[in-house]
Amino acid sequence: MSRLYGDPIEVWARDGQPAQFVWRDRLYTVRQVQDHWVVAREWWKTSDADPGERRFWRVEAAAGRDVGTYELRFDTASGGWLLLRAWD
C-alpha cells in the first residue's frame, strides 16, 4: 500500500540521480533506483526557457535499519524536490 505526501525534501545527487535525501528530519540513503521517467507538460511551463519537465525516480532507500520504497520528483523550473509517495 502506498501513501501520498508531496513533501519538500533536500536531495544530494550523484551521476544525475538521487543518492541521499532528507525527509522529515531523517537522512535516507538510496540503495537502488528502481525506475526513472520524465513527464513534460506544456501547462507546467513557467517561461519560454522552461522545458516544463518533471523528473521522477522510484527508489529503495534506507534510514538506519528502516528500508522502504519512495517516489521522488524533481521540478526543472524551480530546481526543487518533492517526496510524492511512500510504500509500506
Side-chain angles (χ1 to χ4, degrees):
M1 180 167 142
S2 70
R3 295 183 186 190
L4 296 174
Y5 292 97
D7 293 346
I9 57 173
E10 188 172 350
V11 175
W12 291 270
R14 183 176 39 239
D15 298 327
Q17 61 187 21
Q20 293 183 313
F21 60 93
V22 174
W23 179 47
R24 297 187 174 178
D25 297 324
R26 293 186 75 191
L27 177 65
Y28 291 79
T29 300
V30 174
R31 294 176 148 195
Q32 177 185 23
V33 173
Q34 298 174 337
D35 200 2
H36 173 254
W37 65 99
V38 177
V39 177
R41 299 283 188 260
E42 187 67 29
W43 56 270
W44 278 339
K45 288 182 153 199
T46 58
S47 70
D48 288 337
D50 178 5
E53 288 182 355
R54 303 302 182 263
R55 298 176 187 170
F56 297 83
W57 283 266
R58 183 166 300 134
V59 300
E60 178 185 278
R65 292 178 183 241
D66 298 330
V67 178
T69 302
Y70 304 90
E71 187 173 295
L72 313 178
R73 184 187 89 183
F74 177 71
D75 181 339
T76 57
S78 71
W81 288 86
L82 295 176
L83 187 136
L84 293 179
R85 185 182 305 259
W87 281 263
D88 296 340

field: 4.5 Å side-chain heavy-atom contact, Arg26 and Asp66
entry: yes

Rounded to the nearest 0.5 Å, the CZ atom of Arg54 sits from the OG1 atom of Thr76 at a distance of 5.5 Å

Distance col, row Phe56:CZ vs Leu72:CG, nearest 0.5 angstrom, shows 10.5 Å

Practice task
Evaluate the ring planes of Trp57 and His36, with Trp represented by its six-membered ring, and classify them as parallel (under 30°), tilted (30 to 60°) or perpendicular (over 60°).
Solution key: tilted

Looking only at heavy atoms, the pair that brings Val11 and Pro18 closest together is CG1-CB, 3.8 Å

So CZ of Arg55 and CD of Gln17: to nearest 0.5 Å the spacing works out to 12.5 Å

Rounded to the nearest 0.5 Å, the CZ atom of Arg85 sits from the OG1 atom of Thr69 at a distance of 12.0 Å

When every non-hydrogen atom of Arg73 is compared with those of Leu84, the smallest separation belongs to CB-CD1, 3.6 Å

Taken to the nearest 0.5 Å, the spacing of Trp37 CH2 from Glu71 CD works out to 4.0 Å

Notebook entry, point to check: Has Arg24 got more than 12 heavy atoms of other residues, nucleotides or ligands less than 6.0 Å from its CZ?
Noted result: yes

For a 4.5 angstrom cut-off between non-hydrogen side-chain atoms, does Phe21 reach Val59? yes

In this structure, CH2 of Trp23 is separated from OH of Tyr70 (nearest 0.5 Å) by 6.0 Å

With Val22 as partner, the option from Tyr28, Trp12, Trp81 fulfilling side-chain contact (heavy atoms from CB on, under 4.5 Å) is Trp12

